[in-house]
Novice: 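First the structure, which I've put down as structure tokens, then a few questions once you've had a look.
Just so it is clear: chains get the letters A, B, ... in the order the sequence lines come, proteins before strands, and each one is counted from 1.
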Protein chains: 2
Amino acid sequence: MNNPTSQTAPTHPSARDKLLAAGFAVIRSKGYSGTSVDELCAAAGVTKGAFFHHFKSKEALGVAAANYWSEFTGALFAAAPYHDHADPLDRVLGYLDFRRLLLAGELPDYTCLVGTMVQETYLTAPAIRDACHASIAGHARTLAPDIQAAMDARGMTDAGFTAESLALHTQAVLQGAFILAKAEDSVSVAIDSVDHLKRYVTLLFSQAEEKAA
Amino acid sequence: MNNPTSQTAPTHPSARDKLLAAGFAVIRSKGYSGTSVDELCAAAGVTKGAFFHHFKSKEALGVAAANYWSEFTGALFAAAPYHDHADPLDRVLGYLDFRRLLLAGELPDYTCLVGTMVQETYLTAPAIRDACHASIAGHARTLAPDIQAAMDARGMTDAGFTAESLALHTQAVLQGAFILAKAEDSVSVAIDSVDHLKRYVTLLFSQAEEKAA
DNA sequence: GCCAACATACCGACTGGTTGGTATCAATAT
DNA sequence: ATATTGATACCAACCAGTCGGTATGTTGGC
């Protein structure tokens, strides 16, 4: 009856896993403050007793959800195909194509949990803010090496920006694109913004190629 | 004793005005859902009775605050000096310089009210979402003519993007920059993103100039 | 038998919202 | 000039319901 790998197996998820999964969905729809513990429990199909057995507070669930989000997205992007390109610039552009591809389904499905949470909690819940920051910064850090390699290949030693700052800029564009998509209730504006970002990166490196030539 | 222009005079602001001003500050700090009506009243120095005299619900205050935000920022940017440049591209770049300049003080002082609110309310309070969308889209619309003029001046008839989409992209970058600044608890990452955006716009139009030459 | 994993029942504090009432005003009638 | 009217602006107290959190079970595997 019991699954020996039940800790993380989707066939027999623990109340903790169900709550974290419910957190992804509900918090992305209604925000952190707008989501009640009761609501979370109902969405997860567990009771409040289970909630407070696994999380000492609502804030603790917020932190855990942000950390789980880091794991989840980390695995998603690590398995993505854009890493296969030989040229580092192609990997960066491939990443943006992949992000564009992810803009599918309904708004709560493709928006960013930690971007949503940090907006509300940056002053009131520093622990959540730190976990969200770690998630965003950690993801940006996976991009920086490819950007740096692309810069090095073109001798861009004095480009006026760092690989890290460009990596963070991509995240800013994506987060902002989500906000505009929510405001317009349409994904097209987000797609347009990713296209602008891709055009920026392309221009940035083609410019350097011309200069080098 | 009584001020004949008391309706809008800052020397004798009405409870409504005080509540809207308090809304700017408190909602930008704690988010919409995270802000209670009692908190708003305390910050404004009025009672709950006054609140519900002027606003039929908390949501109505959210809508009114978003609309007031549109007026407020509309006046701010209309009076900004970047409109004086003769070259439309200089006006666009001047706008970005002005936005960079506005990134001063504490986080709740320079972040965007409607960007914060729409993130939480896009599904639960359509009236607020619409007001936030009107604010963002309306502001972007003030940028589009200058962008279009800059494109026309360079014969960019087939640039692969519209002036409107670039205007919206600037707003996405700014909104995203605010999120990253909140996560990092530092404005520098937001400044970097605005710099990237300015570099993008510069590249976009210098590229077209080269092609035309 | 025991402990982790849950469920049930409940608490005080706080939530958005309502109540009845007062102070202040302009307009009008006297 | 003054009294009457009626509307607006505002207040303190209060309401029913919801909040995050707790106390006390019950259960099922080791």
Side-chain angles (χ1 to χ4, degrees), chain A residues 1-23 26-27 29-65 117 120-121 124-128, chain B residues 1-23 26-27 29-65 117 120-121 124-128:
Chain A
M1 176 74 90
N2 188 28
N3 186 337
T5 61
S6 65
Q7 305 272 41
T8 52
T11 52
H12 184 41
S14 68
R16 185 187 146 89
D17 293 333
K18 286 193 280 184
L19 281 165
L20 289 173
V26 183
I27 294 175
S29 295
K30 311 204 189 192
Y32 173 78
S33 301
T35 299
S36 73
V37 173
D38 283 331
E39 217 165 352
L40 247 7
C41 293
V46 304
T47 61
K48 217 151 145 180
F51 184 100
F52 284 99
H53 173 72
H54 290 288
F55 307 102
K56 73 166 218 251
S57 66
K58 185 192 176 187
E59 184 174 337
L61 173 122
V63 173
M117 274 205 293
E120 309 176 57
T121 59
T124 51
I128 294 180
Chain B
M1 176 76 89
N2 188 27
N3 186 339
T5 60
S6 64
Q7 305 273 39
T8 52
T11 52
H12 184 41
S14 70
R16 183 174 201 273
D17 294 333
K18 286 193 279 184
L19 281 165
L20 287 173
V26 183
I27 294 176
S29 295
K30 312 202 185 193
Y32 173 77
S33 301
T35 299
S36 73
V37 172
D38 283 331
E39 217 164 353
L40 246 8
C41 294
V46 304
T47 61
K48 216 154 154 179
F51 183 101
F52 284 100
H53 172 73
H54 290 288
F55 307 102
K56 73 167 217 250
S57 66
K58 185 191 175 187
E59 184 174 336
L61 172 122
V63 173
M117 273 205 294
E120 310 175 56
T121 58
T124 51
I128 294 180

Novice: Closest approach to the side chain of A:Val46, judged atom by atom: which nucleotide of D:dA9, C:dA7, C:dC6 is it?
Specialist: C:dA7

Novice: Rounded to the Å, how far apart are A:Glu59 CD and D:dC19 C1'?
Specialist: 16 Å

Novice: If you check every side-chain atom of B:Thr47, which of D:dC11, D:dG21, C:dG17 has the closest atom?
Specialist: D:dC11

Novice: What is the separation between atom CD1 on B:Ile128 and atom C1' on C:dG16, rounded to the nearest whole Å?
Specialist: 13 Å

Novice: Between D:dG20, C:dA4, D:dC10, which nucleotide gets closest to the side-chain atoms of B:His53?
Specialist: D:dC10

Novice: Looking only at side-chain atoms of A:Lys48, point me to the closest of D:dG21, C:dG17, C:dC6.
Specialist: D:dG21

Novice: In whole angstrom, give the distance that lies between atom CD of A:Glu39 and atom C1' of D:dG20.
Specialist: 13 Å

Novice: Across the strands shown, which category fits B:Thr35 at heavy-atom distances under 4.0 angstrom: base, sugar-phosphate, nothing?
Specialist: sugar-phosphate

Novice: For residues B:Gly23 and B:Leu40, report the shortest heavy-atom separation together with the two atoms involved.
Specialist: CA-CD1, 3.8 Å

Novice: If you check the B:Ala50 side chain, which of D:dC19, D:dC11, D:dG21 turns out closest?
Specialist: D:dC11

Novice: Check whether A:Ser14 reaches the backbone of A:Asp17 with its side chain - one donor and one acceptor, N or O, closer than 3.5 Å.
Specialist: yes

Novice: Among C:dT15, D:dG21, D:dC10, find the nucleotide with the atom closest to the side chain of B:His54.
Specialist: D:dC10

Novice: Taking atom NZ of A:Lys58 and atom CZ of A:Phe52, what is their separation to the nearest 0.5 Å?
Specialist: 9.5 Å

Novice: Using a 3.5 Å distance criterion without hydrogens, assess whether the side chain of B:Tyr32 forms a donor-acceptor pair with backbone atoms of B:Glu59.
Specialist: yes

Novice: How long is the line joining CG of B:Asp38 and C1' of C:dG16, in whole Å?
Specialist: 8 Å

Novice: Expressed as a whole number of angstroms, how long is the span from A:Lys18:NZ to C:dA7:C1'?
Specialist: 12 Å

Novice: Can you tell me how far C1' of D:dT18 sits from NZ of B:Lys58, to the nearest Å?
Specialist: 13 Å

Novice: Which nucleotide, D:dG20, C:dG16, C:dT8, lies nearest any side-chain atom of B:Val37?
Specialist: C:dG16

Novice: Please report, rounded to the nearest Å, how far the P atom of C:dC10 is from the CZ atom of A:Phe52.
Specialist: 18 Å

Novice: In whole angstrom, what separates A:Leu40's CG from D:dT18's P?
Specialist: 17 Å

Novice: Are the side chains of B:Ile27 and B:Leu61 in contact, using a 4.5 Å heavy-atom criterion?
Specialist: yes

